[in-house]
Amino acid sequence: MEQTHFDVLIAGGAAVGSAVAYFLTADPGFKGSVAVLEPDPTYQYCATALSAASIRHQFSTAENIRMSLFGTEFLRAFRDRLAVDGVRPDPAFHEGGYLFLATARGLPVLRENQALQTRLGADIQLLDPAALSARFPWLRVADLAGGALGLSGEGWLDAYGMLQGLRRKAIAQGAHYLPRRVVAVERAGHAVASVGLDDGARLSCGALVNAAGIGAPALARQAGIELPVQARKRSVFYVQCPERLPGCPMVIDPGGAYFRPEGQGFITGIAPPPGQDPECDDFEVQHALFDEVLWPLLAQRVPAFEALRCSRSWAGHYDMNLIDHNVILGLHPDLDNLYFANGFSGHGMQQAPAVGRALAELIVHGRFQTLDLSRLGWGRILEGRPLIEKNVV
């Protein structure tokens with residue numbers, strides 16, 4: 001007979017859910033059973049696989065900076081830490097850096113953020129326009145007042161490889177992965193008692209983790225909780241340029257565009273303008289956004305990009321926290337055993353290791369042990385105290 005009870009059920013098996021499973025099963029204090037419910041074991045449409053696969057320390061919120069600092073540490077030790085039977089998974093982490101550019105209007109915020117980032121241990125250097133031009137001669141700097149460059153710890157990676165490494169290690173440590181979707185949450189007073197699955201089965205549990213990405217609001221609603229998260233589509237474009245851009249980092253333009261090297265070309269993207277960014281769960285690429293908004297910005301910032309060619313593109317989704325663009329993490333006061341990790345607003349892949357560790361600590365030990373993330377809990381949402389993140393890309 002198949003197992004019908006698990007001490008912890010995790011709804012969603014991409015980077016965040018798999019990180020929770022890994023850290024739970026790695027904790028010496030945890031002796032229970034874990035099942036990860038992931039309806040798409042190919043991960044073809046998950047946000048992790050469709051993301052820009054980058055990690056940065058340049059946030060404006062201390063918790064986000066600290067989470068990404070741990071993410072860098074985790075990636076540097078990834079191959080040894082997640083080895084299974086002598087096979088060492090490689091997340092292909094390349095510390096190419098982030099470069100946030102600012103006009104005169106944005107320079108005070110850039111300076112304020114860099115002061116906080118360096119105080120917390122991030123390796124970020126401020127550059128004036130002359131220094132920018134000397135270091136990146138392919139960059140147009142006439143309208144810029146400065147930039148903040150990550151000298152180490154920031155960069156990009158193989159997000160799918162990271163996900164698979166976490167998944168394989170969690171399985172090796174005893175986690176079960178089931179190709180199922182949660183379609184019903186059954187409460188018993190102030191606790192989740194069981195969940196119904198899309199194949200008609202029912203699993204009882206000691207705790208449930210909502211790591212369902214853009215499916216998280218529906219799952220929360222099944223438990224009687226309204227989660228202020230919506231799916232926002234983000235298109236990514238792979239472009240090729242006839243000229244090389246030596247030393248190119250991940251560049252964040254003041255106009256909202258980003259680009260970074262990828263193979264022989266670059267990946268790039270931009271959020272749609274306000275008012276043109278509705279809730280959306282389809283995967284249709286926004287080609288007009290590239291032609292009308294993104295390409296002109298790229299060509300203005302890098303003259304060589306006037307001759308770029310877009311060779312492929314894809315679309316994924318942010319699980320956007322409508323309140324303050326930060327993750328909603330931990331227990332809701334109405335339920336004693338439903339843990340949330342939702343509303344990452346584009347930061348889920350890079351924050352997955354820290355969030356996985358944090359939720360494992362909450363579940364096993366009842367509190368955050370290594371990094372206090374209590375400000376990211378439900379309290380601020382329910383009390384109307386948003387914790388605004390200024391650096392959302």
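In this chain, numbering begins with 1 at the start of the sequence shown.
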Stepwise side-chain hydrogen bond (donor to acceptor under 3.5 Å, both in side chains) test for Gln240 and Gln264: CA-CA 7 Å; Gln240 293 175 302; Gln264 298 302 308; over 6 Å; no
CA sep, side-chain torsions, deciding dist, call: Tyr177, Ser18, side-chain hydrogen bond (donor to acceptor under 3.5 Å, both in side chains): CA-CA 9 Å; Tyr177 275 69; Ser18 289; 2.7 Å; yes
Trace of the side-chain hydrogen bond (donor to acceptor under 3.5 Å, both in side chains) decision for Asn64 with Asn326: CA-CA 8 Å; Asn64 288 335; Asn326 280 312; 2.7 Å; yes
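With salt bridges taken as basic N to acidic carboxylate O contacts below 4.0 Å, none links Glu284 and Lys233. Ion pairing between a basic and an acidic side chain is recognised when a charged N comes within 4.0 Å of a carboxylate O; Arg367 and Glu361 show no such pairing. The pair Arg232-Asp281 fails the salt-bridge criterion, with no side-chain N (NZ, NE, NH1 or NH2) lying under 4.0 Å from an Asp/Glu carboxylate O. No salt bridge links Asp324 with Lys390; every basic N to acidic carboxylate O contact stays at or beyond 4.0 Å.
Aromatic pair Phe74/Phe23: ring centres closer than 6.0 Å. Taking the six-membered ring for Trp and the full ring otherwise, Phe305 and Phe266 have centroids separated by under 6.0 Å. In this structure, Phe59 has its ring center closer than 6.0 angstrom to the ring center of His347. For His325 and Phe344, the gap between ring centers reaches or exceeds 6.0 Å.
The distance from atom CG of Leu101 to atom CZ of Arg140, rounded to the nearest 0.5 Å, is 13.0 Å.
No side-chain donor-acceptor contact under 3.5 Å links Tyr258 and Ser54. Counting only N and O atoms by type, the side chains of Thr370 and Arg357 include a donor and acceptor under 3.5 Å apart.
Legend: ring-ring contact (aromatic ring centres under 6.0 Å, His included) pairs involving residues 211-235, not counting sequence neighbours: none detected.
Contact annotation: the side chain of Glu38 approaches that of Tyr43 to within less than 4.5 Å [non-hydrogen atoms, C-beta and beyond].
Using cut-offs of 30° and 60° on the angle between ring planes, the pair Trp378 and His332 is perpendicular.
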Side-chain polar contacts of residues 24-37 - donor-acceptor pairs under 3.5 angstrom, sequence neighbours left out - could you list them?
residue: Thr25; atom: OG1; partner: Ala21; partner atom: O; Å: 2.7
residue: Thr25; atom: OG1; partner: Tyr22; partner atom: O; Å: 3.1
residue: Thr25; atom: OG1; partner: Gln173; partner atom: NE2; Å: 2.8
residue: Asp27; atom: OD1; partner: Gly29; partner atom: N; Å: 2.7
residue: Asp27; atom: OD2; partner: His365; partner atom: NE2; Å: 2.9
residue: Lys31; atom: NZ; partner: Pro28; partner atom: O; Å: 2.9
residue: Ser33; atom: OG; partner: Asp7; partner atom: N; Å: 3.0
residue: Ser33; atom: OG; partner: Asp7; partner atom: OD2; Å: 3.1

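Here the closest non-hydrogen pair linking Phe259 and Cys248 is CE1-SG, 3.7 Å.
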